[in-house]
Amino acid sequence: MSDQENIKQEFNITVYTENQIGLLNRIAIIFTRRKINIDSLNTSPSEIDKIHRFNIVITESEEVVRKISRQIEKQVEVLKVYYHTNADVIWQELALYKVSTDVIAEQVSVERLLRENGARAVVIRKDYTVFETTGHREETDNLIKILQPYGLIEFVRSARVAIIKSSDGFNSKLREFERLEPGEDVMENEYLNQGQKVFTM
Amino acid sequence: MEMQTITQETIEIEEQSVKSTEQSVKSPEQSVESQISGSVALLEALIVEGVDTIFGYPGGAIMPIYDALYDYKEKLNHILVRHEQGGIHAGQGYARTSGKVGVVFATSGPGATNLVTGLADAQIDSTPLVCITGQVFAHLLGTDAFQETDVINITTPVTKWNYQVTDANEIPEVIAKAFYIAKSGRPGPVLIDITKNAQIQKFEYKGYTPCNHIRSYRPKPIVRKEYIEQAAALINQAKKPFILFGQGVILGSAEQEFKTFVERSGIPAAWTVLGAGAIPTSHPLNVGMLGMHGNYGPNVLTNECDVLIAIGMRFDDRVTGRLDKYAKQAKVVHLDIDPAEIDKNVKSTVPVWGDCKETLPLLTELIVPNDHTAWVKKFGEYAAKEVEAVIHAELNPTSGEMTMGEVINQLNVLTKGEAIIVTDVGQHQMVACRYATLNKTRSNVTSGGLGTMGFALPAAIGAKFGALDRTVVAVIGDGGFQMTCQELGTIMQSGVDVKIMILNNRFLGMVRQWQELFNERRYSFVDIQSPDFVMLAKSYGIAGKCIDDRADLASTLQEMLEHKGSYLLEVMVTKENNVFPMVPQGCSVSEIRLK
């Protein structure tokens, strides 16, 4: 196998599933049994009724990620798994920051800093204000550093959500899944698609 | 599992309260006739699925199902085991010899946790099972109720699918899914946990429809012709092609298709432990066993072949030895139904994803028969070396204590290779797999992937129920036998006819062999004492004999095989015998040792 396959990097694993109790555990243990840490995990209803979408981020080699993806896809209630490098997706994380309203009112520089970092106020109360930003990890981290000297009261960040650049969506695929005899498009093995890359004769 | 009396009362009170709530919600227009309990719906489902035998053990949380079973005694043969682990291994044995889904009942808590070893075994060895466990009332879930355990989460890593039923209305659909999932695609164990209220609950029963489609589950891929063509092209131009086959051939009922493929291509074929018997032992192109204690030729020549054709096998580490020195010179064609197995351990040149029942005939069609006589002869040369260095002495000793190999050899003579051989785990297992003659498929029942000691005795019981017209011989070591010997009680009560052969070397032999070879003979806790096995059998009403003289071997084996009913034969074998050849751990298959 190529060296490229063995370099560890962030991978975004996208999983389409049925909405089923216990499935989160069934998926999570596929990582934990190999002692792989899940860097970020988001699960939420997808654009399709009753279908959930997981976004999982791990730092691993492509070889391992491919094997894990196959093992996830094999679970009965999993419809499809894709994995992508950061270059293949557009991703965002949402962050919320709680800061004393007095500080913002008194210190003009804070307002400027928030503006510079694209933060917007979600809630403004007498005692505190909650700001929100979205961005990559470094961007949301950066604002923590900036607000820390002004008494950042509380901070929270969501898991990563990622849109696949090359994806045509899942609607048409799902309709195929629902047929008793689905077309080849759905049945194809993702790695057979990359035949030339993975299996050179 | 026994219930405490006090809890029994509590549960009865709870049952009454559940019944009264049900009555109050029942709508008046529902006819009482079409209302059945969850328990009855379960048993009706089993009958439609063609279940004839259930291995189980009752307990508090599964009592409503057992109460319903009382009226189904004529239709469903329930075998009362002595421990739930025995029950699930029996279910595995049944599935392996019959090709059907094994069904196991157990209660909640300890009953359910006792299934875990068997589930893990069935998961790794792709054995179709449906296990039904009782669970505490739904309203008690999560409260640490008596005999409550989170069986769904405990069994998630060791089941193909599991599901908790808390409402009787779900039962027909869930059981249909359970059977479909267990037996389709790459088979595996399914566990359905049913809360007690759902077992009791009456509901409007609309009949049972077997399942044949789950939208998120694709058991059988569409075969891509271009890969069949690429595979055929590789095979047709190969000078030294080599077939490795596993249990996939048997699970796919593709024995005939496989034989045709082997014969048309003229390619030598070697088997994994679980693939044994997919093609008869005596077939001229069957060149033997792969792996750590496999045959000399198949291991050495793995690293000489030019095209490796792997069929329904998963390149387990016991087969491959050191992976970075495994068949590096060869192009690999891998036929498997489970896409997660392709490229998992050994990178394939051509992946043929599909059911080998379908893919093998397509491949055979494109095969141009080639003359591989010289190449096949090479296997013969290695086999001759192995006979001289190992096999001759193992099978035909003339002095000293008996060897395991000669016992198996004598058994072959008497059964003519027609018997089902069930083995436990350890030295005797490797010896039996190496030397047993298997004329028929589904004749080798053993714990391959998990290596579960204690598997053989209960699995043999199940194996017999799965193939009542065949002779079942369980070959067991003195260590493994003592792990599940309580199942002699099951044999006694069910009257099942199982021949039990204990090969007693007074050691935990395989560990002792490793300690001898790799730990400077530091025999750490491998010296094991045993009870008088013949007396033990006798106390269960099972006939038996112990022999230590070669002169008695043939006649006593004959007596065992001719005996009406179960029989336990203990054979005292040499204490410190080693199984060879051997690929030591961390070595390449071509570094296989003959001594």
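Protein chains get the first letters and strands the later ones, always in sequence-line order, with residue 1 at the start of each. All values below were derived from every heavy atom in this structure, side-chain atoms included, with hydrogens, water molecules and symmetry-related copies excluded.
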Heavy atoms only: give me the nearest A:R157-A:T140 pair and the separation to one decimal.
-> NH1-OG1, 3.0 Å
Which value, rounded to the nearest 0.5 Å, describes the distance between B:R322 atom CZ and B:T320 atom OG1?
-> 11.5 Å
Donor-acceptor pair, side chain of B:Q164 and main chain of B:T195, under 3.5 angstrom | no
Parallel, tilted or perpendicular: which fits the ring planes of A:F170 and A:Y16, with parallel below 30° and perpendicular above 60°?
-> parallel
Whatever's closer than 4.5 Å to a heavy atom in chain B on A:E77 counts as both
Specify the closest pair of heavy atoms between B:A168 and B:A198, including all atoms of both residues, with the distance to one decimal.
-> CB-O, 3.3 Å
Is there any residue in residues 116-128 of chain B with a non-hydrogen atom under 4.5 Å from a non-hydrogen atom of chain A, and which ones are they?
-> none
For chain B, find its close neighbours in residues 125-136 of chain A: heavy-atom separation under 4.5 Å, sorted by number, or none.
-> none
Can you check whether anything in residues 22-54 of chain A gets within less than 4.5 Å of chain B, heavy-atom wise, and list it by number?
-> A:N25, A:R26, A:I29, A:K50, A:I51
Backbone N or O of B:I152 within a donor-acceptor pair of the B:N162 side chain at under 3.5 Å?
-> yes
Contacting region of B:I181 [heavy-atom separation from chain A under 4.5 Å] | side chain
Check: B:D343 side chain, B:P351 main-chain N or O, donor-acceptor pair, under 3.5 Å = no
Honestly, the part of A:V76 sitting under 4.5 Å from a heavy atom of chain B is both
For salt bridge (charged side-chain N to carboxylate O under 4.0 Å, His left out), just list the numbers for B:R314 and B:D336, CA-CA rounded to whole Å, side-chain angles, deciding distance to a tenth of an Å, and then say yes or no.
-> CA-CA 8 Å; B:R314 59 187 179 85; B:D336 208 285; over 6 Å; no
State which residue, out of A:V81, A:V15, A:I68, fulfils the side-chain contact (heavy atoms from CB on, under 4.5 Å) condition with A:E73.
-> A:V81
Contact list for residues 154-194 of chain B, test ring-ring contact (aromatic ring centres under 6.0 Å, His included), sequence neighbours left out = B:W161-B:Y163, B:Y180-B:Y217
